[in-house]
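Start at 1 and go down the list; that is how both ligands and their atoms are numbered.
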Amino acid sequence: MPRNPRYDILFEPLRIGPVTAPNRFYQTPHATGMGNMKPNSSAALRATKAEGGWGVVCTEYCSIHPSSDETPYAYLSLWDDEDMQQLEITCAAIHRHGSLAGIELWHGGRHSNNRGTREVSLAPTAVSAKHANPAQVKGMELEDITAFRSWHRDAALRAQQAGFDIIYVYAGHDYLPFQFLSPVSNQRQDEYGGSLENRCRLLRELIEDTRAAVGEHCAVAVRLAIDELHGADGIEAAGEGRQIVEMLAELPDLWDIALGGRLGNDSCSSRFSAQGYQEQYAAIVKSLTSKPVVSVGRFTSPDTMVSQIRRGVQDFIGAARPSIADPFLPNKIAAGREDEIRECIGCNICRSANNEASPLRCTQNPTMGEEWRRGWHPEIINPAKSEASILVVGGGPAGLEAASSLGRRGYQVTLAEASAQLGGRVVDEASLPGLQNWIRVRDYRAYLLSQMSNVEVFLDNRLTAPDIVAFGADAVVVAEGSHWRRDGQGLNLQHPVTIEQSECIHTPDDIFAGAKLSGRVLIYDDEHYVMGGALAEKFLAAGLEVTYLTPQAMISSWTVMTDEQDFIQSKLLGMGIEAVFTQLIDHVDGQELHTRHIYSNNKYRHAFDHLVLVTGRSANSDLFAELDIGATRIGDCLVPSSIADAVYSGHKFAREFDEDPATLLCRRERAVLQQALPPRQNPSRSHP
Ligand code: ADP
Ligand code: SF4
C-alpha cells in the first residue's frame with residue numbers, strides 16, 4: 001500500500017551536525033538489560049530497530065570509566081580497545097540498514113555503586129552514595145575533574161573508531177554531569193559550583209572536548225534533564241533548565257530532552273501520563289536553539305508525530321518504548337500499514353526488566369530481547385510445516401497471540417472464546433483507573449485476526465471437553481486463564497487460611513463480574529502488582545472508605561520495578577486511603593479480618609463491610625484435566641503470571657508448533673576464557 005502523503009514529513013532526512021539522519025524516527029538511548037555481557041544480543045536488538053526503519057538507533061548507557069559501574073545492572077562500556085571492538089558489531093549492524101548509530105557515554109557519579117570494580121565513587125560534593133550504602137562518595141577535586149574529562153574524551157574517540165555517528169554528552173537522569181548542574185547535588189564553592197554559569201562549566205567543557213575530539217565526523221548530542229520535578233529546590237524547566245539551554249543553545253549538534261529526578265518521571269507509565277507528555281519541555285528547547293531537538297512521549301500515532309513536527313515542538317520523533325513494542329513502526333507507516341502498528345501500552349514491564357537486571361522483555365512484543373537468543377524476528381515467522389488445523393480455546397492474551405501467530409504462519413486456526421468479547425483478563429484490567437491503554441493487547445491481535453481468512457473466531461462459545469474432542473482439530477491449545485484465590489494464599493503465605501465465605505468476601509473476579517460494594521472496604525494485597533492499588537483507586541474514586549492492608553512495607557510494592565510505586569502510593573494517600581503495612585492474614589471471622597504483625601507477631605482485628613482478597617491466582621485446570629486427547633496449555637492456565645508472560649507463552653507455542661526441536665535456537669552468551677586452563681590433575685586426587 002502506498003504511504004499516506006500526510007506522513008511524508010516523517011520521512012524527510014535531517015542533518016545533525018556532520019551527519020544526516022535518513023528520516024525523523026529516532027530511537028533514543030534505552031536500557032536493554034544486556035549491556036557488555038551480551039554483545040551479540042545487543043547488536044541483534046539494535047539491528048532489528050534499524051531494519052524496522054528507525055533512522056537513528058542509539059545504544060543504552062555506556063560507561064566511560066570503571067568508576068562508573070552499576071553491577072549487577074547491564075551497561076555498555078568503553079574503557080579500553082576490547083570494549084571498542086565489541087561495540088563495532090553493534091555499529092555495523094545498525095549501519096547495514098542505513099541508519100545512524102548513536103552512543104550514550106555515561107558516568108553515573110553518585111549513582112554508581114562500583115560494586116563490580118570497587119573504584120571510589122565520585123560526585124561534585126562529598127555526600128552519601130545513592131545505592132552503595134553505607135558508603136559516601138568522594139567530592140571531586142580539580143584533578144578528578146581533569147581526569148574525568150580525559151576519560152570522556154578517550155571514550156568519545158573509541159566510540160568514533162567503533163563507528164558511531166552520534167556521541168552523547170549525557171546530562172540526564174541524575175548522572176554525573178547533571179549532578180554538577182543541579183543545586184541539590186552541587187554545593188561546591190569553586191568555579192564548578194555556585195552560580196548557574198559555574199555549575200554549567202563542566203557540561204560546556206564536555207561538549208567542547210567531545211567536539212574537539214570527534215566533532216569533524218560525529219554529531220555531538222546532549223541529553224539534558226531539563227526539569228527534576230523537585231520544584232524550586234532543583235532544576236526547573238521554567239527557570240534554570242531554560243537558562244542552561246540558553247547558555248549552551250548552539251553548542252551541541254542535537255538536544256535530546258528528558259526529565260530528571262526519579263526514573264519514572266522520564267519513562268512515565270501510561271497510568272500516570274498521556275502520549276506526548278513531555279511536549280512542553282521539548283517545545284521550550286526548540287524555541288531557544290536552531291539545532292535539532294528530540295524528546296520521547298510514547299508516540300504511536302503517526303498523526304500525533306506529524307503534529308509534533310509541524311507545530312515546531314521537536315524535529316525528530318524520539319522513542320524508546322514504542323520502538324520496543326514495535327521495532328517496525330516506521331516501516332509500517334512508510335508502507336501505509338499504520339493500522340498494523342503494535343502500540344506500546346505504557347505498562348513499563350520493559351523497565352522492570354532493567355530494574356531486575358534481566359534482558360529486555362515487552363508485554364506487546366514477545367520477540368523483544370529474543371532476536372539473537374532464539375532468532376525471533378518481529379515481522380517474520382516460519383511458514384506452516386503442515387496442513388494441520390488448530391483449535392485455540394480461550395481468547396485472552398495467550399490465546400490471541402497463539403491464534404494470530406499460528407494464523408500468520410498459515411495454519412487453519414479456530415479460536416473459541418467463552419465470553420461475548422475477546423481479550424480475557426485484559427478487558428477487566430483495562431477497565432481499571434489509568435489502565436485503558438492496556439486494551440491495545442487485545443485490539444492489536446483482534447485486528448490481525450480480522451484480516452486473516454484462515455482464522456475463524458467464535459465468541460460466546462464455552463467449550464467442554466466433549467465439544468473439543470468432537471471438533472476434531474489436529475491440535476488443541478488450551479488458554480483458559482486463571483482465577484483469583486479465595487483462601488488467603490499469596491506471596492507471603494504459602495498455605496490457605498480459614499475464610500468463611502460470604503457475600504462480603506470478594507476477589508477481583510467478583511468485582512469485574514459486577515459485585516456491588518458499600519461502606520468500609522478492606523483490600524488485603526498479597527499480590528503486590530497493580531491489582532490491589534488500582535482497585536483501591538477505583539473504590540476511592542467511587543467515594544468508598546478504603547483501607548489497604550498488606551504484608552509488604554508499601555503499596556503495590558512490585559511496581560517499584562515498573563517505576564510506578566511512588567506515583568501509586570502518593571496518589572492513593574492523596575485520595576485518602578488508609579494504609580496498613582507488614583500485617584499478614586491469619587483468618588477471617590464474620591466481618592473481621594484477623595492479622596498478625598510480620599515483625600512483632602502482635603495480633604490485630606480489622607472490621608469491614610466488604611473484604612477484597614488480592615492474593616495468589618490458580619490456573620483454570622478442569623477442562624484440560626478432562627481432555628483425554630493430547631492438548632497443550634499456554635498462558636495463565638499453565639502458570640498464572642503477567643500479561644507479558646501470557647503473550648510470550650502463546651507466541652512461543654506458535655513459533656515452535658510442528659518444528660523439529662533440534663532446529664530451535666536457544667543460544668547463550670558465555671564468559672570467554674582469558675587463557676587456557678592449566679592441565680587437569682588426576683580427578684581422584686583433586687578432591688582430597
Ligand atoms: P491468558 O492470560 O492466559 O490469556 P485470560 O484469563 O486472560 O488468560 O484468558 C482466558 C480466556 O479464556 C478468557 O477470555 C475466558 O473467557 C476464556 N475461556 C475459559 N474457558 C474457556 C472455555 N472452556 N471455552 C472457551 N473459552 C474459555
Ligand atoms: Fe510499552 Fe509495556 Fe512494551 Fe514497555 S513493556 S514497550 S511499556 S508495551
Side-chain angles (χ1 to χ4, degrees), residues 30-31 267-271 273 296 298 300 319-327 329 342-354 360-369 391-403 414-430 435 437-438 440-442 444-445 457-468 471 476-484 508-509 512 561-564 617-624 626-627 633-650 653:
H30 70 73
S267 46
C268 198
S269 71
S270 57
R271 188 167 172 188
S273 66
V296 297
R298 278 199 339 275
T300 57
R321 288 170 291 177
S323 75
I324 293 169
D326 196 342
L329 180 151
R342 192 169 42 241
E343 290 183 284
C344 166
I345 70 169
C347 61
N348 278 9
I349 284 294
C350 49
R351 291 288 315 137
S352 77
N354 192 60
L360 191 56
R361 61 184 191 275
C362 168
T363 299
Q364 276 283 58
N365 178 9
T367 67
M368 182 45 56
L391 173 63
V392 179
V393 185
L400 282 170
E401 178 61 28
T414 304
L415 172 63
E417 164 54 43
S419 71
Q421 56 178 327
L422 292 173
R425 60 184 285 190
V426 166
V427 175
D428 294 335
E429 290 172 39
L435 302 188
N437 279 350
W438 290 26
R440 292 172 172 179
V441 172
R442 177 201 62 192
Y444 165 70
R445 291 166 180 84
V457 176
F458 294 93
L459 299 177
D460 281 323
N461 260 272
R462 178 173 292 282
L463 299 188
T464 62
D467 293 336
I468 293 170
F471 189 79
V476 175
V477 187
V478 180
E480 56 168 338
S482 63
H483 59 274
W484 292 88
D509 293 324
F512 295 125
M561 295 298 164
T562 54
D563 294 339
E564 292 176 293
R617 283 183 288 146
S618 295
N620 294 333
S621 54
D622 294 351
L623 180 67
F624 185 79
E626 275 177 50
L627 278 175
R633 282 173 297 174
I634 58 170
D636 289 335
C637 79
L638 180 63
V639 182
S641 184
S642 61
I643 298 171
D645 286 345
V647 169
Y648 186 86
S649 163
F653 175 84

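Regarding atom 15 (C) of ligand 1, its nearest protein heavy-atom neighbour is Glu417 OE2, 3.5 Å. From the protein, the heavy atom lying nearest to atom 6 (S) of ligand 2 is Arg321 O, 3.3 Å. Atom 7 (O) of ligand 1 has its closest protein heavy atom at Arg425 N, 2.8 Å. The protein heavy-atom contact nearest to atom 21 (C) of ligand 1 is Arg462 NH1, 3.8 Å. Looking only at protein heavy atoms, the nearest one to atom 5 (S) of ligand 2 is Cys350 N, 3.3 Å. With hydrogens left out, the protein atom closest to atom 19 (C) of ligand 1 is Glu480 CB, 3.4 Å, a heavy atom. The protein heavy-atom contact nearest to atom 1 (P) of ligand 1 is Asp636 OD2, 3.6 Å. Of all protein heavy atoms, the one closest to atom 8 (S) of ligand 2 is Ile345 N, 3.3 Å. Scanning all protein heavy atoms for the shortest distance to atom 4 (O) of ligand 1 gives Ala398 N, 2.9 Å. The shortest contact between atom 2 (Fe) of ligand 2 and any protein heavy atom is with Cys347 SG, 2.4 Å.
Considering backbone and side-chain N/O atoms, Cys637 never comes within less than 3.5 Å of an N/O atom of ligand 1. Remark: ligand 1 and Leu463 share an N or O pair separated by less than 3.5 Å (distance only, no angle test). At least one N or O atom of Pro397 sits closer than 3.5 Å to an N or O atom of ligand 1.
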Show your working on side chain to side chain contact (heavy atoms under 4.5 Å, CB included) between Ser352 and Arg361 and close with a plain yes or no.
CA-CA 9 Å; Ser352 77; Arg361 61 184 191 275; 3.2 Å; yes
Would you check, one step at a time, whether the test side chain to side chain contact (heavy atoms under 4.5 Å, CB included) holds for Leu400 with Val426?
CA-CA 11 Å; Leu400 282 170; Val426 166; over 6 Å; no
Before giving the answer on side chain to side chain contact (heavy atoms under 4.5 Å, CB included), spell out for Leu391 and Leu463 the whole-Å C-alpha distance, their side-chain angles and the decisive distance to 0.1 Å.
CA-CA 11 Å; Leu391 173 63; Leu463 299 188; 3.9 Å; yes
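In this structure, Asn365 and Arg342 have side chains that are in contact, with non-hydrogen atoms separated by less than 4.5 Å. In this structure, Ile468 and Leu623 have side chains that are in contact, with non-hydrogen atoms separated by less than 4.5 Å.
A donor atom on one side chain and an acceptor atom on the other are not found under 3.5 Å apart for Gln421 and Ser419.
Here CG of Asn348 is found 7.5 Å from SG of Cys268. Values are rounded to the nearest 0.5 Å. Atoms CZ and CD, on Phe512 and Glu429 in that order, are 6.0 Å from each other to the nearest 0.5 Å. Note: Asn354 CG to Leu360 CG = 8.5 Å, rounded to the nearest 0.5 Å. For the atom pair CG of Leu415 and CG of Asn461, the computed distance is 10.0 Å after rounding to the nearest 0.5 Å. From Ile324, atom CD1 reaches atom OG1 of Thr363 across 11.0 Å, with rounding to the nearest 0.5 Å. In this structure, CG in Leu422 is found 12.0 Å from CZ in Arg445, a value given to the nearest 0.5 Å.
Evaluated for a side-chain hydrogen bond (donor to acceptor under 3.5 Å, both in side chains) with Asn620, the options His483, Arg633, Glu480 yield exactly one hit, His483. Put simply, the residue from Ser270, Ser273, Ser267 that forms a side-chain hydrogen bond (donor to acceptor under 3.5 Å, both in side chains) with Arg298 is Ser273. Checked options Met368, His30, Arg321, Gln364; the residue passing with Cys350 is Arg321 (criterion: side-chain contact (heavy atoms from CB on, under 4.5 Å)).
Those atoms of ligand 2 with a heavy atom of Thr363 less than 4.0 angstrom away are 3 (Fe), 5 (S). Taking every non-hydrogen atom of Gly424 and a distance limit under 4.0 Å, the qualifying atoms of ligand 1 come out as 7 (O), 9 (O), 13 (C), 14 (O). Taking every non-hydrogen atom of Gly635 and a distance limit under 4.0 Å, the qualifying atoms of ligand 1 come out as 3 (O). For ligand 2, the atoms closer than 4.0 angstrom to any heavy atom of Asn348 are 2 (Fe), 7 (S). Numbered from 1 in the order shown, with element, the atoms of ligand 1 that lie under 4.0 Å from a heavy atom of Val393 read 22 (C), 24 (N), 25 (C). Within ligand 1, the atoms closer than 4.0 Å to a non-hydrogen atom of Leu623 are 23 (N), numbered from 1 in the order shown. Near Gly346, the atoms of ligand 2 lying under 4.0 angstrom from a non-hydrogen atom of the residue are 1 (Fe), 7 (S). Of all atoms in ligand 1, numbered sequentially from 1 with element shown, those under 4.0 Å from a heavy atom of Ala416 are 25 (C), 26 (N). Heavy-atom proximity to Gly481, at under 4.0 Å, picks out these atoms of ligand 1: 5 (P), 6 (O), 8 (O), 10 (C). Atoms of ligand 1 found under 4.0 Å from any heavy atom of Ala646, numbered from 1 in the order shown, are 2 (O).
Residue contacts with ligand 1 for Asn461 involve N, CA, C or O but no side-chain atom from C-beta outward (heavy atoms, distance under 4.0 Å). Contacts between Ala479 and ligand 1, counted as non-hydrogen atom pairs separated by less than 4.0 Å, involve the backbone only.
Of the candidates Ser482, Gly396, Ala418, it is Ala418 that places a heavy atom closest to atom 26 (N) of ligand 1. Of the listed options Gly394, Pro640, Ala465, Gly394 places a heavy atom closest to atom 18 (N) of ligand 1.
Not one N, O or S atom of Cys344 sits under 2.8 Å from atom 4 (Fe) of ligand 2. Counting backbone and side-chain atoms alike, Cys362 contributes no N/O/S atom closer than 2.8 Å to atom 1 (Fe) of ligand 2.
Side-chain atoms of Asp636 come within 3.5 Å of backbone atoms of Ser641 as a donor-acceptor pair (strictly under, hydrogens ignored).
Across every non-hydrogen atom of Ala325 and Cys362, the tightest pair is CA-SG, 3.8 Å.
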